[in-house]
> 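The structure follows.
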Amino acid sequence: MGKIKKRLIFLVGPTGIGKSAAAICLAKKINGEIISCDSMQVYRKMDIITSKALASERKIVKHHMLDILDPGKQYDVASYRKEALAVCDRIISKGKIPLFVGGSGLYYSILIDGLFERVGEDRLIRSKLNKEADKRGSSYLYKKLKTIDKQAAGKIHPNDTRRIIRALEVYLKTGKKISELQMERAGLGKEYEFKIFGLDMPRNALYEKVNNRVERMFDLGIIGEVRSLLRSKLSKTARSAIGINELKGFFKGNYSLEDTKELIKRNSRNYAKRQLTWFRKDQRIKWIKINPGDSSFQIAKKIWKKLS
RNA sequence: GCCGAGAUAGCUCAGUGGUAGAGCGCGGCCCUGAAAAGGCCGGCGUGGGGGGUCCGAUUCCCUCUCUCGGCA
C-alpha cells in the first residue's frame with residue numbers, strides 16, 4: 001500500500017465567527033501548533049485591526065505565520081504557500097500536528113491545491129498595463145487578451161481589470177497562455193492527508209458577532225494603531241485591510257466616528273459573506289454548525305468529535 | 001396657529017397621466033502571485049390614508065394625518 005501521509009487539519013470560516021479561539025482549544029487537545037492562514041495577520045503592527053491572537057494566547061499554543069513582515073512590504077499567495085508549508089513540515093517533524101486556521105480563501109485553496117509557480121508579479125509590466133487600461137479602457141485590454149488567450153478571456157469578465165492584466169502579464173513574461181499554465185498545479189493530496197472543518201452559524205448571529213467585534217476593536221484602540229500605521233508608507237497589500245481606508249477618511253474629517261464604525265462593520269459583513277461563498281463550494285469541508293453562544297471549548301469539542 | 005417643502009424599496013433619493021427606477025443595504029455567485037483585494041448577477045414595492053377628475057392616477061385636484069424648515 002501507499003506510504004503514510006502526513007496529517008493536517010484545517011479550520012476555516014468567515015471572519016469573527018470564533019475560529020482562532022476554538023483553534024487554540026483544539027490545538028491544546030491534540031498537541032498541535034497553529035499556522036495562520038490569513039493574508040493580513042502576517043503583518044506586524046496590525047494587531048487590533050486584524051484581531052490577531054494575543055501574546056498570552058500564543059503562549060498557550062504556538063502560532064505561526066503571524067508578524068512575519070512589515071506593513072510596508074508586499075505579500076502574496078505564492079510566498080505564503082512556500083513559507084507555510086516549510087513551517088508545516090517543521091511542526092510535523094517535531095511530532096506535532098499542524099492546524100491551519102484562517103479565512104483567506106485564496107490562501108487556503110492555493111495552499112491545498114497548489115498554483116502554477118514561476119510567474120510572479122512584474123511591477124513594470126503591470127504599471128504599463130494599468131496605464132493602458134486607464135487610457136484606453138479595460139475593454140481594450142480585454143480584446144487583446146481575447147486574441148492571445150481565448151480560454152482565459154472566456155473565464156474573465158471584461159470589467160475585471162485586475163485579472164485581465166494578470167493574464168496579459170503572464171503572457172508578456174513567458175509567451176505562454178495563463179490558461180495553460182494554470183493547469184500545472186500540484187496539490188497536497190499526494191503527500192498529506194487532511195481534514196477540513198468549516199465553522200458556520202445563522203447569518204444574523206454572525207453579523208451581530210462581526211459588528212460586536214468591530215466595536216471591540218475601537219475599545220482596544222484601533223484608531224491609534226491605524227494612525228501610527230499611516231505615518232509610514234503601507235504596501236498595497238497591507239493597506240487593503242478593512243479599517244485602514246475607512247479610518248483614513250475619518251482622519252481627513254470626511255465623516256463622523258459613528259459613520260466610520262458603521263462603514264467598517266458593513267465592509268466586514270460583506271467580507272464575511274464573500275468568505276462563505278468561497279468556502280461553501282468546497283465539497284471537502286466538513287461544516288460545523290455552531291450557535292452564537294457556544295464557547296470556544298464547545299466548538300473545539302464538536303470538531304474533536306468529528307476528528308476520530 | 002400661519003406660511004412653505006415633503007411623504008415612492010430596508011436607507012438616501014430620482015422620475016412619469018399608461019401600476020416605477022438609481023446608489024447604498026440585503027441575497028446569490030466568480031476567483032491560480034493585491035484576495036480583508038477585484039469582478040458579475042438579482043428589485044426585494046398595497047408609491048402616507050380617504051375622496052374626486054380621467055378610458056386609465058404614483059403622477060392632476062380636494063381633504064386628512066405625519067415629518068421638516070420659517071414666522072408667530
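Any value given below was found using the heavy atoms of this structure, including those in side chains, with hydrogens, waters and symmetry copies removed. All values derive from a computational prediction rather than experimental measurement.
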> Does any donor atom in the side chain of Ser127(A) or Asn130(A) lie under 3.5 Å from an acceptor atom in the other side chain?
no

> Quick one: is C26(B) close enough that its OP1 or OP2 comes under 4.0 Å of any side-chain N or O from Lys273(A)?
no

> Please state the C1' separation for the pair G23(B) and C68(B) - nearest whole angstrom.
23 Å

> Should Lys265(A) and Glu262(A) be marked as a salt bridge (Lys or Arg N to Asp or Glu O under 4.0 Å) after you check the CA-CA gap, both sets of side-chain angles, and the distance that decides it?
CA-CA 5 Å; Lys265(A) 285 177 190 173; Glu262(A) 289 312 308; 3.5 Å; yes

> Could you tell me how far apart Asp259(A) (CG) and U12(B) (C1') are, to the nearest whole angstrom?
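My rounded result for the distance is 13 Å.
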
> Under a 3.5 Å limit for both distances, which nucleotide forms a Watson-Crick or G-U wobble pair with C44(B), could you say?
G25(B)

> Would you say Tyr207(A) places a side-chain N or O within less than 4.0 Å of OP1 or OP2 belonging to G27(B)?
yes

> Distance check, P atoms only: C61(B) and A5(B), in whole angstrom units.
12 Å

> Report yes if at least one side-chain N or O of Asn159(A) is closer than 4.0 Å to OP1 or OP2 of G39(B); otherwise report no.
no

> Is there a donor and acceptor pair closer than 3.5 Å between the side chain of Arg163(A) and the base of G38(B)?
yes

> Sticking with atom C1', work out how far U8(B) lies from A22(B), rounded to a whole angstrom.
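Here U8(B) and A22(B) have their C1' atoms 13 Å from each other.
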
> Can you tell me if Tyr43(A) and Asp38(A) form a side-chain donor-acceptor pair at under 3.5 Å?
no

> Between A9(B) and G45(B), how far apart are the P atoms? Round to whole Å, please.
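Pairwise P distance, G45(B) against A9(B), rounds to 11 Å.
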
> Roughly how many Å is it from CD1 in Ile125(A) to P in A34(B), rounded to a whole number?
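These atoms are roughly 13 Å apart.
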
> Using whole Å, what does the distance between atom P of nucleotide A37(B) and atom OH of Tyr43(A) come to?
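Nearest whole value for this atom pair: 14 Å.
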
> NA contact type, Tyr75(A), heavy-atom cut-off 4.0 Å: base, sugar-phosphate, or nothing?
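The residue Tyr75(A) makes sugar-phosphate contact but no base contact.
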
> Checking all strands, does Ile49(A) fall into the base, sugar-phosphate, or nothing category for heavy-atom contacts under 4.0 angstrom?
base

> Relative to the 5' end of RNA chain B, which residue comes earlier, Thr161(A) or Asp122(A), by the nucleotide with the nearest heavy atom?
Asp122(A)

> Measure from the side chain of Arg203(A), starting at C-beta and using heavy atoms only, and say which of G28(B), A37(B), C31(B) lies closest.
G28(B)

> So, is Asn270(A) close to the G25(B) phosphate, meaning a side-chain N or O under 4.0 Å from OP1 or OP2?
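Answer is yes, contact under 4.0 Å.
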
> Only pairs with both distances under 3.5 Å count, Watson-Crick or wobble alike; so what is the partner of A7(B) in this structure?
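U65(B) is the nucleotide pairing with A7(B).
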
> Does Asp89(A) come within less than 4.0 Å of Lys6(A), counting only side-chain N to carboxylate O?
yes

> Without decimals, in angstroms, what is the distance between Arg166(A) CZ and A35(B) C1'?
13 Å

> Quick one: is Arg126(A) getting a side-chain N or O under 4.0 Å of the A34(B) phosphate, OP1 or OP2?
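Yes.
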
> Could you check whether Val119(A) gets within reach of a base, just the sugar-phosphate, or nothing at all, counting any heavy atom under 4.0 Å?
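If one applies the 4.0 Å heavy-atom cut-off, Val119(A) turns out to touch a base.
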
> Are Arg123(A) and A34(B) close enough that a side-chain N or O sits under 4.0 Å from OP1 or OP2?
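No, Arg123(A) has no side-chain N/O under 4.0 Å of OP1/OP2 on A34(B).
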
> Pick the closest RNA chain B nucleotide for Glu184(A) and for Arg274(A) by heavy atoms, then say which residue is nearer the 5' end.
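Nearest nucleotide further toward 5': that of Glu184(A).
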
> Any strand is fair game: report the nucleotide pairing with G33(B) by Watson-Crick or G-U wobble, both distances under 3.5 Å, or none.
none

> Roughly how many Å apart are G48(B) and U58(B), using the C1' atom of each and rounding to a whole number?
12 Å

> Send over the distance from Asn130(A) CG to G33(B) P, rounded to a whole Å.
15 Å

> Taking atom NZ as the centre, does Lys301(A) end up with more than 12 heavy-atom neighbours from other residues, nucleotides or ligands that are less than 6.0 angstrom away?
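For Lys301(A), atom NZ is not crowded (no more than 12 foreign heavy atoms under 6.0 Å).
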
> Mind checking the P distance from C64(B) to C3(B)? Whole angstroms is fine.
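12 Å, rounded to whole Å.
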
> Relative to Trp304(A), does Lys302(A) satisfy both conditions: NZ or CZ under 6.0 angstrom from the six-membered ring centre, and within 45 degrees of the ring's axis?
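No, cation not above the ring by the 6.0 Å, 45° rule.
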
> Choosing from U32(B), A37(B), A34(B), which nucleotide comes nearest the side chain of Ile110(A)?
U32(B)

> Does C2(B) have a Watson-Crick or wobble mate here (both distances under 3.5 Å), and if so which one?
G70(B)

> Can you tell me if Arg280(A) touches the phosphate of C29(B), counting only side-chain N or O atoms and a distance under 4.0 Å to OP1 or OP2?
yes

> Rounded to whole angstrom, note down the C1' distance from G1(B) over to G10(B).
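These two C1' atoms come out 37 Å apart once rounded.
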
> Taking the minimum atom-to-atom distance to the side chain of Thr277(A), which one of C26(B), G38(B), C31(B) wins?
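Of C26(B), G38(B), C31(B), C31(B) is nearest to the side chain of Thr277(A).
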
> How many whole angstroms separate atom CZ of Arg239(A) from atom P of G38(B)?
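Spelled out: CZ on Arg239(A) to P on G38(B) is 11 Å.
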
> Watson-Crick or G-U wobble partner for G17(B), using a 3.5 Å limit on both distances?
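With both distances under 3.5 Å required, G17(B) matches none.
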
> Quickly work out the Lys82(A) NZ to G33(B) P distance and round it to whole Å.
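Checked: the NZ to P distance equals 17 Å.
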
> State yes or no: are the ring centers of Phe100(A) and Phe194(A) separated by less than 6.0 Å?
no

> With a 4.0 Å limit, can you tell me whether Arg162(A) has a side-chain N or O closer than that to the phosphate oxygens OP1/OP2 of A34(B)?
no

> Give the rounded distance in Å between these two atoms: CG of Leu106(A) and P of C29(B).
18 Å

> Given G33(B), A37(B), C26(B), identify the nucleotide with an atom nearest to the side chain of Ile242(A).
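Of the options given, the side chain of Ile242(A) lies nearest A37(B).
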
> Taking only the C1' atom of each, what is the distance from A57(B) to G18(B) in whole angstrom?
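Each nucleotide's C1' atom is 9 Å from the other's.
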
> Would you say the side chains of Arg213(A) and Thr15(A) form a donor-acceptor pair under 3.5 Å?
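Result is yes, a qualifying pair exists.
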
> Measuring to OP1 and OP2 of A35(B), would you say a side-chain N or O of Lys236(A) lies under 4.0 angstrom away?
no

